[in-house]
Participant: 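This is the structure I want to talk about, given as structure tokens.
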Amino acid sequence: MRYVIRRTICAAMALVLAMTAAGCGGKAGSGSQTGKSLTVFNYSEYLDPEMIEKFTEETGIKIRYEEALTPEDMYTKYKSGAVNYDLLCTCDYMLGRLIREGEVVEIPFDSFENLDNIGKRYFDISKAFDPDHRYTLPYFWGTIGILYDTSVVKEPVDSWSVLFDHSYAGDIIMQNSIRDTYMVALKYLGYSLNTTDENEINEAQKLLIAQKPDVQAYLVDEARDEVVAGNAAMAVVYSGEAYLGHEYNENLEYVVPKEGSNIWIDSWCVTKNCKDMDAARQFLDFLCREDVAKANFEFIYYSTPNDAVVSSLPEEMKNDKALVPPDSVFENCEVCTRYDEETSRMYNELWKELKSG
Amino acid sequence: MSDRPVLIHLEHVSKSFGNSLVLDDLDLTICKNEFVTLLGPSGCGKTTTLRIIGGFERPDSGRVIFQGEDITGVPANKRPINTVFQKYALFPHMTVEENVAFGLRIRKKSREYIREKIDYALKLVNLEGFEKRMPKSLSGGQQQRVAIARAIVNEPEVLLLDEPLGALDLKLRQEMQYELIRMKNELGITFIYVTHDQEEALTMSDNVVVMNQGYIQQEGSPQKIYDEPENAFVADFIGDSNIIRSTMVRDRLVNILGIEFECVDTGFGENRPVDVVIRPEDIVLAPEREGALNGEVTDVIFKGVHYEMCIMTGDFEWIVHSTRRSEPGSGVSISVDPFDIQIMNIPESEDEEAVKLDI
Amino acid sequence: MTSEKKGWGLSFPFILWSVGFTLIPLAVITRYAFTDPDGGLTLDNVLAMGNRINGQAFLVSLLVAFICTLLCVLLAYPMVMAIRRLNLSSSAFILIFLILPMWMNFILRILAWQMILSDNGILNHFLTILGLPKVFIANTWLAVIIGVTYDYFPYMMLPIYTAVSAIEKDITEAARDLGAGTLGVFTRVIFPLSLPGLFSGITMVFVPSMTSFAVADILGGGKTQLIGNIIEQEFMRSSEMNLGSGLSISLMIFMLITLPVTVGRSGKEEGSRDI
Amino acid sequence: MRDRAVNFITRFYLLLIFLFLYSPIAVLMVLSFNDSRSRVVWGGFTLKWYERMFTSPHITDALVTTLALAFFASLLAVLIGFPASFGICMLRRSGRSVMMTLVNIPLLDADIVTGISMMLFFMRFMELSFSSVLIAHTVFCIPYVILALMPRVEAVDWTPYESALDLGATQPYAFLRMVMPQLYSGIISGFFMSLTMSMDDFAITYFTKGAGVNTLSTMIYGEIRKGIKPELYALSTVIFMAVLILLLAVNVATRKKGGETGEGRAY
């Protein structure tokens with residue numbers, strides 16, 4: 001008996017040791033690999049996996065690909081240093097934070113072959129967080145607006161007010177996200193979505209608390225499906241969702257309200273951990289290529305900053321306001337920049353208050 | 001049967017589990033104040049009979065009459081009958097006292113009454129001072145006493161005991177046998193006792209019911225069952241016995257192994273094959289050639305009060321009890337008193353064996 | 001070697017493993033809990049549980065967890081009794097029956113519930129066919145309770161079932177014999193003997209019920225905020241590692257203090273916990 | 001009559017519980033045959049997702065990772081938990097309650113907290129990878145193994161073991177032949193619970209996984225936003241049915257064997 005048990009213990013210990021060794025080995029091994037490789041961190045479902053294979057085929061550079069759900073946990077995981085990421089794709093304000101913290105390095109745009117495909121205006125709006133556009137490469141972008149069911153909402157919708165005037169009580173779906181929800185209220189009130197003015201934010205909070213009884217649900221991911229299924233009449237969604245929503249249910253329309261909205265932009269950056277800038281450049285350049293960008297576009301159906309792709313789209317798509325936002329959005333929409341710590345803490349508390357109320 | 005008034009009557013009771021018929025058209029009468037033992041090998045239907053009386057099983061057909069009333073459909077908790085289970089079945093989460101008080105609390109008796117009854121019952125089973133103990137901390141014998149106390153505080157008309165001594169060692173078992181008789185006399189109620197141990201049955205019972213394969217084989221006083229087994233099964237099951245296939249020559253004369261013996265039985269016809277039972281202690285040994293059947297001692301075992309010997313006469317090996325020892329290999333002669341020869345019919349088939357003898 | 005020493009010896013790999021991969025990570029989190037982002041020592045994070053918003057979410061979670069635990073108990077006992085009554089005593093079968101749903105991914109199951117419960121969902125579809133009025137429970141606390149109860153029911157059911165199936169038939173028959181009816185047998189014998197199972201069921205249901213943020217988000221439409229949602233928000237949306245750690249540590253302390261008090265004390269039979 | 005009514009009610013109750021537990025499963029199964037990519041639109045019957053799930057390398061990769069993870073984590077959990085359940089049973093009261101607290105910690109902790117604390121811990125010692133997820137999964141699987149095994153260990157009947165020693169068997173042999181058979185069911189149920197928990201976990205995997213490691217769970221979470229790929233419904237249905245069939249087969253087999261081994265084991 002004792003013998004068997006001792007043997008079991010030995011076996012267990014051996015396994016543990018083997019595993020730890022394997023773990024450490026993995027760490028050592030990744031650095032000393034002869035072949036080039038890149039560790040890429042992206043949102044989930046944000047890149048056509050076939051393009052990764054294609055890239056490896058073309059260049060011989062291996063990609064270790066990882067996905068995250070939100071910019072915040074991407075940041076948490078990146079900052080923990082548990083994995084050495086070479087490339088990150090994340091959102092505007094998070095990029096701003098990374099730039100400020102010196103986590104990213106300049107991208108050698110000069111040696112890009114396909115950079116011309118990216119419209120100049122996207123670099124311009126990126127200036128909100130990357131003032132000299134040295135660090136970030138726009139990847140996808142879009143707006144936030146209202147997706148509504150025209151069979152229920154007969155009147156034309158052109159303002160955020162429809163969310164606040166109680167006529168669609170119980171039929172409204174808001175975003176389950178701090179920034180996007182406060183953005184709606186701030187814009188409706190005519191303030192900047194990057195405001196740090198406590199009074200303005202508190203005013204927005206009051207508005208949202210008053211709105212809460214009318215809200216059917218705060219959802220992130222399934223907001224679109226709920227409108228498609230007819231469980232709700234309207235939802236605040238990302239423009240990309242609107243296109244797919246329309247595919248499933250023809251009665252759905254998407255509008256960016258006249259008060260203005262958030263124009264969001266997800267971009268790539270190269271981290272300071274990157275050992276092989278040339279490989280990273282090759283990867284980013286590859287993403288700018290028309291065929292690749294088109295494949296990714298068709299995988300995701302978010303608006304692409306790749307003008308070459310846009311011009312090759314069929315007319316029907318070009319006219320879709322969700323897929324190819326009209327230039328007017330640049331006039332009254334704002335890009336999110338990073339709040340200072342105090343403001344984000346304030347938002348954090350207000351949001352908890354709103355949700356628990 | 002006794003002259004006491006009838007308490008329980010089972011009428012044409014049949015019960016089967018799945019495909020196996022456990023009780024087949026069983027009739028049984030139990031009288032007031034009797035100590036009745038259902039005796040038989042495992043699987044004979046004795047426990048099922050007990051469970052039907054207790055209300056844990058419902059017969060497929062037939063009726064259970066209790067004091068003249070049909071109680072076939074009355075659930076166990078509504079019968080004035082209590083059971084002592086084979087493995088005691090004490091409530092492990094309750095103290096001895098709580099176990100004993102269980103039935104009384106269900107009946108919402110007053111506190112003083114319960115107190116009194118607990119004291120009385122624990123005294124009766126010799127467990128005073130164990131009130132606060134948990135069953136786990138008691139020995140098997142003590143647990144058994146708690147089980148008995150728990151049953152009798154409810155003043156049942158009938159106490160059912162399902163092999164209650166099965167798990168106890170020999171000494172304790174014998175002690176408990178006397179205690180059970182004492183309790184029965186003190187309580188003045190009917191005990192129905194199930195066992196496969198013939199010694200227990202013979203020691204304690206007023207009336208023994210021998211069962212096999214769902215049928216009653218024989219019913220009667222311990223004396224009668226032992227001395228006058230009605231068939232080979234009963235004879236074999238109760239005590240040691242020599243069962244010899246023989247021929248009834250005529251009334252009062254039987255041919256056993258080629259030698260004619262006088263006996264007292266009549267009515268078996270002439271020259272009919274019969275089974276003869278002779279108890280080992282009824283055989284008289286004489287020096288060689290002085291008795292009726294000659295043979296050779298093949299084995300001797302000392303049993304305390306007597307020697308048990310195996311004696312070969314021709315092909316047949318006798319078991320004989322005697323206080324005198326004969327050396328193995330020595331020649332002896334066997335004779336039997338006519339009163340000690342018990343003649344039995346030979347059943348034509350096992351089923352018939354039972355049906356014919358079903359009382 | 002004494003059996004005590006041998007016991008520690010045999011537990012050694014487990015102890016090593018637990019210290020290495022449970023206690024030290026816990027210590028790491030604890031360090032975050034008691035420091036501020038700049039590294040200074042502080043109790044604010046742990047005490048933040050007491051402020052108005054977190055406290056409210058905490059109370060809501062307690063209530064939800066209480067209702068769900070109660071529902072699980074109320075669903076489990078009749079089921080255990082039904083299994084006993086119908087003699088479905090193959091424990092392997094019961095285990096399969098209860099565990100099998102977990103082989104469909106958790107989030108998929110919750111999404112399926114959303115489809116069942118939503119206003120134009122499957123349940124209402126059937127109700128309409130039957131000529132019954134629709135029910136509107138999607139995106140309410142009721143839906144959260146249904147989802148959480150659904151998710152943790154097996155954790156309640158299994159230990160109770162194990163405890164009850166260990167009760168010999170003799171014991172219930174004895175109770176019946178002594179005059180107890182079906183109810184009496186349950187309240188006086190089966191229930192008290194199932195307590196160890198019930199207590200371990202409560203631990204396994206109550207704690208995760210308070211933190212099942214995904215259910216609250218999907219089925220509750222994000223309108224019911226559990227303490228789990230707050231902790232998730234601190235970690236995943238606001239990058240408030242210290243505050244998140246502080247809240248989780250204080251939740252854990254609360255659990256460690258209250259569960260042994262309410263559960264452990266009455267659970268005399270230690271270690272009889274089973275799955 | 002009354003009996004029959006009660007029997008009917010009990011059966012009806014079991015049916016209700018069955019519906020409660022299995023209606024979401026049924027919904028997901030139906031979805032796997034839905035021609036539309038959206039879960040709220042019925043686009044007609046199709047089997048194409050079943051074809052496609054095997055051709056997508058990402059799904060098969062994730063499936064292999066998930067299964068390997070579940071298997072090895074459960075195995076490790078049994079290897080560690082098995083001696084520990086013996087050990088804990090031998091301890092006196094105080095040591096025992098300390099150990100039980102240790103066992104219970106992973107169950108008392110919220111998932112994300114466990115996940116994040118493990119991540120913070122790992123980042124100091126090793127790169128996140130498959131091994132780190134494996135360790136994390138083993139951590140939360142061990143309690144299930146121990147909790148499933150302990151009651152059986154306590155109930156072990158040591159007399160056959162001792163009589164085997166008496167008959168000249170070596171200790172390991174006697175242990176394997178006399179004690180282990182009494183524990184198999186406990187080991188299997190602990191192992192099975194571990195498999196289930198590992199397969200179902202998201203939060204802990206999410207924080208401890210390294211780049212390139214993807215399980216079905218993390219894959220599904222990532223897809224909620226764009227709509228779950230119907231291939232995953234199909235795959236889940238296949239896994240579910242496979243487990244169901246496997247379990248039923250094992251159950252039937254052991255039941256049959258149980259009848260025979262009565263004598264077969266007696267030598």
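Here is the naming used below: chain letters follow the sequence lines, and residue numbers restart at 1 for every chain. All heavy atoms count here, side chains included; hydrogens, waters and symmetry mates do not. Keep in mind that what you see is a predicted model, and the values were worked out from it rather than measured.
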Participant: Of the backbone (N, CA, C, O) and the side chain (C-beta and beyond), which part of Ser23(D) lies under 4.5 Å from a heavy atom of chain C, both, or neither?
Facilitator: both
Participant: Could you report the tightest heavy-atom contact between Phe14(C) and Ala84(D), atom names first, then the distance?
Facilitator: CB-CB, 3.5 Å
Participant: Provide the closest heavy-atom pair for Ser117(D) versus Pro25(C) in the form atom of the first, atom of the second, distance.
Facilitator: CB-O, 3.3 Å
Participant: What part of Ile9(D) lies closer than 4.5 angstrom to a heavy atom of chain C: side chain, backbone, both or neither?
Facilitator: neither
Participant: Tell me, side chain or backbone of Tyr13(D) under 4.5 Å from chain C's heavy atoms, or both, or neither?
Facilitator: side chain
Participant: For Tyr206(D), which atoms come within 4.5 Å of any heavy atom of chain C: side chain, backbone, both, or neither?
Facilitator: side chain
Participant: Under a 4.5 Å cut-off applied to non-hydrogen side-chain atoms, are Met197(D) and Met102(C) in contact?
Facilitator: yes
Participant: Flag the pair Leu21(D) / Leu100(C) as yes when at least one side-chain heavy-atom distance between them is below 4.5 Å, and no otherwise.
Facilitator: no
Participant: What part of Thr237(D) gets closer than 4.5 Å to chain C, counting heavy atoms only: side chain, backbone, both or neither?
Facilitator: both
Participant: What residue in Ala166(C), Pro101(C), Ser18(C), Ala112(C) has the most heavy-atom pairs under 4.5 Å with chain D?
Facilitator: Pro101(C)
Participant: Quick check on the structure: residues of residues 149-157 of chain C within a heavy-atom distance below 4.5 Å of chain D, by number.
Facilitator: Thr149(C), Tyr150(C), Phe153(C), Tyr155(C)
Participant: Under 30°, 30 to 60°, or over 60°: which ring-plane class applies to Phe192(D) and Trp103(C), parallel, tilted or perpendicular?
Facilitator: parallel
Participant: Can you tell me which portion of Ile25(D) sits under 4.5 Å from chain C's heavy atoms? Options are side chain, backbone, both or neither.
Facilitator: both
Participant: Might you point out which heavy atoms bring Pro13(C) and Ile80(D) nearest each other, and give the distance in Å?
Facilitator: C-CG2, 4.0 Å
Participant: Quick check: closest heavy atoms across Leu28(D) and Met104(C), and the distance to 0.1 Å?
Facilitator: CD1-SD, 3.9 Å
Participant: Which pairs count as salt bridge (Lys or Arg N to Asp or Glu O under 4.0 Å) when at least one residue sits in residues 192-208 of chain D, sequence neighbours excluded?
Facilitator: Arg109(C)-Asp200(D)
Participant: Do Thr22(C) and Leu102(D) come within less than 4.5 Å of each other through their side chains, counting heavy atoms only?
Facilitator: no
Participant: Mind jotting down which residue pairs meet the salt bridge (Lys or Arg N to Asp or Glu O under 4.0 Å) criterion with at least one end in residues 244-254 of chain C? Sequence neighbours excluded, please.
Facilitator: none
Participant: To the nearest 0.5 Å, what is the distance between OG1 on Thr138(D) and CH2 on Trp17(C)?
Facilitator: 4.5 Å
Participant: What residues, two or more places apart in sequence or in another chain, satisfy side-chain contact (heavy atoms from CB on, under 4.5 Å) together with Ser217(D)?
Facilitator: Asn105(C), Phe202(D), Thr215(D)
Participant: I need the minimum non-hydrogen distance between Phe21(C) and Val139(D), along with the two atoms involved.
Facilitator: CB-CG2, 3.4 Å
Participant: Measure from the ring center of Phe97(C) to the ring center of Tyr22(D) and say whether it is less than 6.0 Å.
Facilitator: yes
